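Accompanying notes for the structure given below.
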Amino acid sequence: MKEFIGLESFIGLLGWKGCCHYSSTCGREVFYRVFGGHTSCVFRKLHDRGFICGKIYLFCFVSDQNLCDLRGCCWSPQDDTRVPWCYFSSNHGYQTGGQLQSTPQVLLNRLSAPSLFGNDIDTVLLTGEYQTQNRFHFKITDPKNKRFEVPHEHVVPFTGSAASDLKYKVDVENNPFSIRVTRVSNGKVLFNTSIGPLVYADQFLQLSTKLPSSNVYGVGEHVHKQFQHDVNWKTWPMFSRDSAPSGNMDNLYGVQTFFLCLEDTSGASFGVFLMNSNAMEFALQPAPAVTYRTIGGILDFYVFLGDTPEQVVQEYVKLVGMPALPSYWALGFQLSRYDYGSLDEVKAVVERNVAVDLPFVSKNVVFHGEIEQKQPKYTEPLKNGSEYPAYQRGENSKVWINGSDGAPLVGEVWPGKTVFPDFTSPTCTNWWVSECQTFYREVPYDGLWIDMNEVASFVHGSSKGCEQNELNYPPYTPQILDRVLYSKTLCMDAVQNWGKQYDVHNLFGYSMTLSTQEAIKAIFPGKRSFLLSRSTFAGSGKYAGHWLGDNAATWDQLKWAIPGMLEFGLFGIPYIGADICGFFDDVSEELCRRWMQVGAFYPFSRNHNTELRQPQDPAYFGADSILVKTSKHYLNIRYTLLPYLYTLFYKAHTQGDTVARPVLHEFYSDEATWSVDRQFLWGPGLLISPVLDQVGFTGVDTIEAYIPDAGTEMWRINPMGLIIALDDNNQATGELFWDDGESALELKFGETLAIQHNYFIVSQNTLQMNVINNNYSDPNNLKFQEIKILGLQQELMTVTVLQGNAVQFAVISGLQLDLGKSYSLTWTLGTRDTEKFDCYPSAGASKELCEQRGCIWEDTSSSNVPYCFYGSDNSYSVSGVQYTASGLVANLTYTNTMARAFGRSTSPISTLRLEVIYHSNDMLQFKIYDYANKRYEVPVPLNLPSTPTSTVEQRLYDVTVQTKPFGIQVRRRSTGTVLWDSQLPTFTFSDMFIQISTRLASQYVYGFGETEHATYRQDLNWHTWGMFTRDQPPGYKLNSYGFQPFYMGLEEDGNAHGVLLLNSNGMDVTFQPTPALTYRTIGGILDFYMVLGPTPESVVQEYTALIGRPVLPPYWALGFQLCRYGYADDKEVAQLVEDMKAARIPYDVQYTDIDYMERQLDFTLSPEFAGLPDLVNKIREEGMRFIIILDPAISGNETDYPAFDRGVQDDVFIKWPNSNEIIYGKVWPDYPNVTVNNSLDWDTQVELYRAYTAFPDFFRNSTAEWWAREIMEVYDNPRDPSLSLKFDGIWIDMNEPSSFVHGAVWGCRDNELNNPPYMPSLGWREQGLAYKTLCMEGEQQLPDGTLVRHYDVHNLYGWSQTKPTFE
């Protein structure tokens, strides 16, 4: 219905006249203009994701407005040329011509609309079949004229009854016709063709469907640069073609019309398969929607539902054919190249790779000649030939493809003029089998590699060209390479048994595969052999593997191989790989090395390259090359895991599982995996994360590994091993399929399959090894000798092995568990003493308190071993890792949901940031902090480059971030020694308790202070050292005056490294004989700096380059110096000087302690030392030097004391927070006008005689100026020059800072800061942090005005005083 309404003002504004408003089928207003009897859209409102009138922008195949109008389509120019300007209106399509039958089956009648390409079929038949609960089939055919349908070996007409309990619902709309498939469980529409019209003409068929998500995967064969399709207006042609892979959107060797769509994070997925072998296109657009366009045949669709992506693939391969199970030997590494030149060259290649102990199986050769029958095995590619006996026999049997004239079509391939076998003919298959047998008698090969079977020809069509007809030049040609159907192949009117080349071209490789499989069955009866095909179609994987074609030695092609490999897993061809190191071009050592590493995990692992290029087999790069070493290492891993890989192929063969598996198939609930295509899985349990980018580095760690003597047959006689990777619930499952490795699995009536199937279950510290099918007995009497269990939270202590009820073993050592027998293994877990990390380092640990923290309590008789220790991993995991050339950043997330006994200030911070910076080749930084809330960071400047200067080539270290649980590993690149490994259970990060542990490279550790150590080398036998500056004379394990959180580690080979933790809060460090080190600090952040040496002396040099070079003392300061506390007066000092001279004792420097001051007040002179200025001048004239002492304690009880008065005026003293009150302690200054009774006890003297003292805040800029002025007035007394002390240096003391009362005169006000939840292991620990110093809540101010707590900067007090004093 049309409504003509008055919208003149609106239309006038738009500049359009003569329009009408059509609203009967649209949710929006769309305006039309009438042209010659039909209606065409000329204006629309802004589209939303491409919709118009409830439709989508579907290309109407013209780029001219007049032609668009003539086709009855809509014209709307866009600013994006990818968006169609001419698109279908609702006039196009079909409507149902009757009632839908239960089958369902219904006729569809074409709507009246202009034809796109002519010969439209007015009436078509829709037939639907509910084939299974998860599979719906519908096809649209011409009920009057038989059209070409694919004669597939496995996909045949459905003969069963309709399924019940369907997981899908099908609806058909009448006018215009559309079909909709809905998931019953949630009502989600999966397949909905109402988005665009059905087009059904003789040589142009099109159907579109709206999708529930943009997560589309599959369709080929192309180079898809990413596994997840880009739905932003991409069109992919499908027509088998001999064309090298490139970054263009070219059609390649095979045709695969299947795609998979992941619906959402539930994993629910569906797949769509179009059974059609004509040239076609697959178009995606952002609705999201896809369109199939084909130029012949019928529309024959299958829709598959699954609860997971993996289930969808299983459903698909059940239809087209379960994948083949490769021979065991075919899983080994293989070598090949085009044009070895001679048999001698083949032998040389084999010998040099055997000489370096490279494990490999198959040597592919491409020439005829003498081949020795011994390992490695050989496969022989077969190509179409010309005049020779095989040709004569084929000519006699009439097996060739004929041209339109009835004569054999002649093209040109490698031999020159060629004819092409028609593998769709049974006669041809018989001839092919015979020829393969004949050649086998000459060269007893092990398998067949079929190539050039797209079919390829070096001339277009034929040696005579092609006829000008509708087959060679159809009305519509898909966007294939060259846009000519017969380019580099046969004429489309060539005739085969199955039909015209126009219809069967894409089936050539598939038909050749079927014929070759017959040859294999004849040559290797009862065996599986080997079949590799370049061209594939749906179902090819039932018999053949595939490689990704003639790639090039580029880093891009290395990356693109992974999406291609994953796609062929979807297509049911799991035996897939790319040519390792690239087919074309010379490969660099670095690229080939990286390719060999990832290629070791291709299901089909083959190194192959072309003629006229340098060899690229591993041994070519040199027996001692890094490439050879890494190739051996990763191939060794492959061969070790071959039983696992073989089992995956068995599950693919029997269940339809993928082998090389997309990460999203296992982790679909994590949206981040939906686009992952630089990693892949082997089955569900092994993640491969290769290096795919060029980094230019040519040196790697030395790897020691067992290298086998030969290929897979030698590996099959080695003892078996079992690797168990426990999940978060400490459970695991696995399977092992085992047979002789090559027998066919097809059975004749009455035969029993000679296989063995083992199933493994781990739960509650027990491994059940169950044999569920045991009709095969291995002749080598294989045994399981080693079982590795990964992910244990404690150490494996004992193992009990049961077969039946007999105890066979009590500990793990030299297991001899027969393959094919069932066993039960039960183990107990425990923790070795050296692996026990203290979970309750505070005083007062008890079993109850320990278990409240989720830790393990275990009585121990061993000295110093913790009773309470961690029993699980740390609770942080890593996400969002971003790598750069100069380091990495990542997020750390707290994941523990168990309740623990954390207080407010020790509750773990939920999200942290990790930064790793490669500052230089010998120095790196790793920093962990709370990026959501600013925390205190040490304001000590370090000498860091403005931008990192390290290079990948010269860096001395490699850094690895372990993700779950979190850990950082730093490894010395030259030796492989691990210098830092913090993937330990202790890591936690809270407001007032931060802890991290690391394993150490050796027992040789030096440093940390200031404490009294009995030996220079640290004793790692359970010792904890506190670090917190304090006025404390040296004593065992008593924290003293300074704070040095640096250690140097000596490695077993003599190399050395150093580690600084830039944190100034109270802390302790614990050494244990693991060897390991645990840091505990009560604030700030973790900010580590590591220097790599490699000698002890260079470690010190690099460390001091970072923190500042040591001061160069004056020459005189190297002389002997004299001092004491307790000189009575200046006369005693003068007599001492004379006595030393008389004794002729070398002597350069004289000091006075605080005795020289009046009542121990800084910047004053005692009357008993009135003659000191003259004495100083005298000894300086004689060449000696004099040094005074100053304490940072300024008396506040004086009536005329300029130092204090000016300090108050300049606001230099530490105060209570949020106030102007000065924090007063007591140090040496006495009250005025008192006489000290030294016979009283110390505490009484402090109470009665010591003055209140204020403490300068040396961080303040004003304090530095005040301090400098006060010192200058001692040197040049402005009030009485005769009292000037011409000292030569200053000795600053008591600057921990020290106080004779704990905290402040009236006590401290913040109990938590002075007695934190965790009190480091300090002397007089029970007294708290304020013992003999200031209150921790004291407020100080950094030079930039930032306020900080004394709690955070206490350990920097002496450092902050040193710089202004020096200046």
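In this text, all values refer to a predicted model and were calculated from it rather than measured experimentally. What you see below is based on every heavy atom in this structure, not just the backbone, and it leaves out hydrogens, waters and symmetry mates.
Residues Asp1310 and Met1336 have side chains not in contact (no heavy-atom distance under 4.5 Å, counting atoms from C-beta outward). The side-chain heavy atoms of Thr986 and Arg1080, taken from C-beta on, include no pair separated by under 4.5 Å. With contacts defined as side-chain heavy-atom distances shorter than 4.5 Å, the pair Ile1292/Thr1362 qualifies. The closest side-chain heavy-atom distance from Val1069 to Tyr1047 is not below 4.5 Å. Inter-residue side-chain proximity for Thr1024 and Pro841 is flagged as unmet; no heavy-atom pair is nearer than 4.5 Å. Between Pro1033 and Tyr1041, some side-chain heavy-atom pair lies under the 4.5 Å cut-off. Looking at Asn1039 and Trp1025, their side chains never come closer than 4.5 Å, going by heavy atoms from C-beta outward. The side-chain heavy atoms of Val1133 and Thr1152, taken from C-beta on, include a pair separated by under 4.5 Å.
Using cut-offs of 30° and 60° for the angle between ring planes, the Tyr1089 and His919 rings count as parallel.
Side-chain N or O atoms of Lys1332 include none that pairs as donor or acceptor with a backbone N or O of Arg1030 at under 3.5 Å. Panel note: side chain Thr1263, backbone Pro1256; no donor-acceptor pair is recorded below 3.5 Å. Not one N or O on the side chain of Thr1244 forms a donor-acceptor pair closer than 3.5 Å with the backbone of Leu1240. Thr1333 places a side-chain N or O within 3.5 Å of a backbone atom of Pro1297 that can act as its donor or acceptor partner. For Tyr1156 (side chain) and Ile1189 (main-chain N/O), a donor-acceptor pair under 3.5 Å exists by modelled atom type. Formation of a donor-acceptor pair under 3.5 Å by the Asn1277 side chain with backbone atoms of Arg1279 is found in this model.
Rounding to the nearest 0.5 Å places CG of Leu1285 at 13.0 Å from CD of Glu1273. Between the CG atom in Leu1038 and the CD atom in Gln1032 there is a gap of 4.5 Å [rounded to 0.5 Å]. We find the CD1-OG1 distance between Ile909 and Thr906 to be 11.0 Å, quoted to the nearest 0.5 Å.
Residue pairs that meet the ring pair (Phe, Tyr, Trp, His ring centres under 6.0 Å) test with at least one member in residues 1285-1311, sequence neighbours left out, are Tyr1151-Trp1291, Trp1228-Phe1300, Trp1242-Phe1300, Tyr1252-Trp1306, Tyr1275-Phe1287, His1302-Tyr1331. Sorted by first and then second residue, the salt bridge (charged side-chain N to carboxylate O under 4.0 Å, His left out) pairs with a member in residues 1257-1266 read Asp1211-Arg1260, Asp1257-Arg1260; sequence neighbours excluded.
In this structure, Lys927 is positioned above the aromatic face of Tyr929, its NZ or CZ under 6.0 Å from the six-membered ring centre and within 45° of the axis.
Salt-bridge check for Arg1124 with Asp1155: failed, with every basic side-chain N at 4.0 Å or more from each acidic carboxylate O.
Exactly one of Phe1259, Phe1204, Tyr1224, Phe1258 qualifies for a ring-ring contact (aromatic ring centres under 6.0 Å, His included) with Phe1213. That residue is Phe1204.
A distance below 6.0 Å separates the ring centres of Tyr1006 and Tyr1016.
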